[in-house]
Amino acid sequence: MRALVLALAVLAGVKVWYQNDVFRDAADMAVAAAYSAQAGAACRKVHHAGGVDWSAPQNLHLVAGNSDLPVQFWQVDHALWKARFKNPYLILTANGPEGPLTCAYDITGGQATIAQP
């Protein structure tokens, strides 16, 4: 009887994990599709050099927070805390003449920053 209860608990855990994973993937794709045009325009505006097509990036994914900001997780009163840990960012990667470029678009703030990895 214990083995049956344990097996059912494991199956229930796997089901919840799988549904959560599928939901997060679908939500990421929906947000990326909804904001990719705005992100491309903001990246184009920040990166003035030609030769980079931000409208068709090589890689596009969604992350929570900007790890480049100098804020620690215990500094909850810091002005940039939400931008560091909470705000959604759309990360675009494209090839430019000088090599690959990464653009982080802050969906909440509507601003983009360019970095060369």
Side-chain angles (χ1 to χ4, degrees):
M1 189 66 169
R2 286 184 189 174
L4 179 63
V5 170
L6 183 61
L8 289 175
V10 168
L11 286 174
V14 169
K15 177 185 180 261
V16 168
W17 170 80
Y18 178 73
Q19 285 179 334
N20 184 45
D21 194 46
V22 168
F23 170 77
R24 290 197 181 270
D25 286 344
D28 285 353
M29 289 188 327
V31 169
Y35 288 99
S36 62
Q38 291 173 339
C43 294
R44 199 174 310 109
K45 187 176 181 182
V46 171
H47 188 257
H48 301 292
V52 180
D53 185 16
W54 291 110
S55 62
Q58 285 183 322
N59 190 7
L60 180 73
H61 64 279
L62 188 67
V63 296
N66 184 354
S67 61
D68 294 335
L69 296 175
V71 179
Q72 303 300 323
F73 69 91
W74 58 82
Q75 295 174 315
V76 294
D77 293 333
H78 197 283
L80 295 176
W81 191 89
K82 281 188 177 181
R84 168 63 175 96
F85 294 103
K86 190 175 179 182
N87 289 357
Y89 283 83
L90 198 56
I91 308 296
L92 293 83
T93 306
N95 275 333
E98 62 273 356
L101 294 171
T102 301
C103 177
Y105 176 69
D106 182 2
I107 293 174
T108 305
Q111 296 182 359
T113 56
I114 304 288
Q116 205 165 14

Q) How many angstroms lie between atom CG of Asp106 and atom NZ of Lys82, to the nearest 0.5 angstrom? A)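 Interatomic distance, Asp106 CG to Lys82 NZ, rounded to 0.5 Å: 12.0 Å.
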Could you give the side-chain donor-acceptor pairs of residues 55-66 under 3.5 Å, partners two or more places apart or in another chain?
residue : atom : partner : partner atom : Å
Ser55   : OG   : Asp53   : OD1          : 2.5
Asn66   : OD1  : Asp68   : N            : 3.1

Q) Under 4.5 Å between side-chain heavy atoms, hopping through other hydrophobics if needed: is there a path connecting Ile107 to Met29? A)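 Ile107 does not cluster with Met29.
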(Q) Using the rule that Ile, Leu, Val, Met, Phe, Trp and Tyr join whenever any side-chain heavy atoms are under 4.5 Å apart, tell me whether Ile114 and Leu92 fall into a single cluster. (A)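 Same cluster.
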Q) Any ring pair (Phe, Tyr, Trp, His ring centres under 6.0 Å) pairs touching residues 62-86, not counting sequence neighbours? A)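 For residues 62-86, and leaving out neighbouring residues, the ring pair (Phe, Tyr, Trp, His ring centres under 6.0 Å) pairs sorted by first residue read Trp81-Phe85.
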For [X], which fellow cluster members are found when Ile, Leu, Val, Met, Phe, Trp and Tyr are connected by side-chain heavy-atom distances below 4.5 angstrom, either directly or through intermediates?
X: Leu11; value: none
X: Tyr18; value: Trp17, Val22
X: Leu4; value: Leu8

(Q) Once side chain to side chain donor-acceptor pair (under 3.5 Å) is applied, do any residues pair with Thr108, and if so which ones, sequence neighbours excluded? (A)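 With sequence neighbours excluded, Thr108 shows a side chain to side chain donor-acceptor pair (under 3.5 Å) to no residue whatsoever.
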Q: Identify, with sequence neighbours excluded, every residue that meets side-chain contact (heavy atoms from CB on, under 4.5 Å) alongside Lys45.
A: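 side-chain contact (heavy atoms from CB on, under 4.5 Å) list for Lys45, sorted by chain: empty.
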(Q) Is there a side-chain contact between Trp54 and Val46 in this structure, where contact means two heavy atoms from C-beta onward sitting under 4.5 Å apart? (A)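 A side-chain contact is absent here, since even the closest heavy-atom pair is not under 4.5 Å.
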Q) If you look only at pairs with a residue in residues 76-106, which of them pass as a disulfide bond (SG atoms under 2.5 Å apart), with sequence neighbours excluded? A)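 Those involving residues 76-106 are Cys43-Cys103.
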Q | Atom CD of Gln111: over 12 foreign heavy atoms under 6.0 Å | A |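 No, the 6.0 Å shell around CD holds no more than 12 heavy atoms from other groups.
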**Q.** Pairing residues for Tyr35 by the ring-ring contact (aromatic ring centres under 6.0 Å, His included) criterion, not counting sequence neighbours
**A.**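 Residues passing ring-ring contact (aromatic ring centres under 6.0 Å, His included) with Tyr35: none at all.
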